[in-house]
Amino acid sequence: MLKYQIFFGTIVLLIILKKFFAFKRKEIKGSKFFLFLIFWLSVFLAIIFPEETNKIARFFNITRGADFFIYISIMVIFYLLFKIYQRLENIEGNITKIVREIALLKKEEDK
Amino acid sequence: MIDKNKIVVLMTALNEAKVISNVLNGLINSGYKNIVLVDDGSTDETYNIAKRYDIFLLRHVVNRGKGASLQTGTEFILKNTNFEVIVHFDADGQHNPEDIENLVRPILEEGFDVVFGSRFLGEVENMPYIRKIVLKFGILISNFLYGVKLTDVHNGLRAFKREVFKKIVFTEDRFSYASELLEKVVKNGFKYKEVPVKIVYTEYSISKGQKNINAFNIFFHMIKRRFFA
């Protein structure tokens, strides 16, 4: 096993352990933990068996496994950005509702 | 002469302490005594100055934007008053109270639901060249996206029949509310027209008004609303 595999493999295992304890403490839902586990186990396997990723990549007509992972990562990042943007918009909207309610209630009180 | 008692002027203000007195005096001296002012989280003396006037004054505890403030003022008007016509008027001194009569007449006498003020049909003083280009570009895009033929889209001087706001609720908090408004006016089939108005750009109003860079933000929101909402 190469040094980078030990280094990154350990980090991924620590991330999985951290989430596992959070799941035990019921801080995250089972379905979310399951998705999280699938994702990070895939990353772990890709680190330990890098040659295997080439096979998956070739299945999608991509030459190298590393390229395949970069494409997947870009897609995931864009998806997450979109989700964060949506959540931010919701929060902004909720703040406006609260501020408006306060303004209208205060006016009622002043009458 | 129109009956000014049927009209309420809705203004929003953010840090307008330098000019708010002049603007309020101008409106009151022109006979528009029904004024709703939403202070949008000003950190200067705007709110305290406005308190001295006999107007409906509301305050956002933090800044939420022009669209959000107009919605707050509108909700107040619909819930607490019976005015027939709502006029949007900027608090930075760019607008002329004399224009309100021309805006309101088509609503009270000709059956229009919405009347937009157009600086490009009327008069505009000291407008920076770059602002003119940005506005003209915005008008082109809006006309294309919403299938209308307007000459001015982001002018804050406009009038509405009260009932319009039973169907139009601003969800865009910031300046893109103007595009949202146009979209909803078209979608709901409201009868609208433009009338000429006068806009005077001063050093103060230019420094206070929308930044040209905001155009990109507004454009992004227009595309989002048109194709992804």
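A, B, ... follow the sequence lines: proteins, then strands. Residue 1 opens every chain. Keep in mind the model is a prediction, meaning the values are calculated, not measured.
- Contact of A/Ile102 with chain B is made through the side chain alone, with heavy-atom distances under 4.5 Å.
- Relative ring orientation between B/Phe76 and B/Phe56 is described as tilted, the plane-to-plane angle lying within the 30° to 60° band.
- Within the cation-pi definition used here (under 6.0 Å to the ring centroid, within 45° of the axis), B/Arg59 qualifies as a partner of B/Tyr47.
- No donor-acceptor contact under 3.5 angstrom links the side chains of B/Arg158 and B/Tyr192, judged on distance only.
- Between chain B and the residues A/Glu89, A/Glu92, A/Lys106, the most heavy-atom pairs under 4.5 angstrom are made by A/Glu92.
- Contacts between A/Ile95 and chain B at a heavy-atom distance below 4.5 Å involve backbone atoms as well as side-chain atoms.
- Here the straight-line distance linking atom CZ of B/Phe165 with atom NZ of B/Lys184 works out to 11.0 Å at 0.5 Å rounding.
- Of all the listed residues (B/Asp39, B/Leu58, B/Thr72), the one sharing the greatest number of non-hydrogen pairs under 4.5 Å with chain A is B/Thr72.
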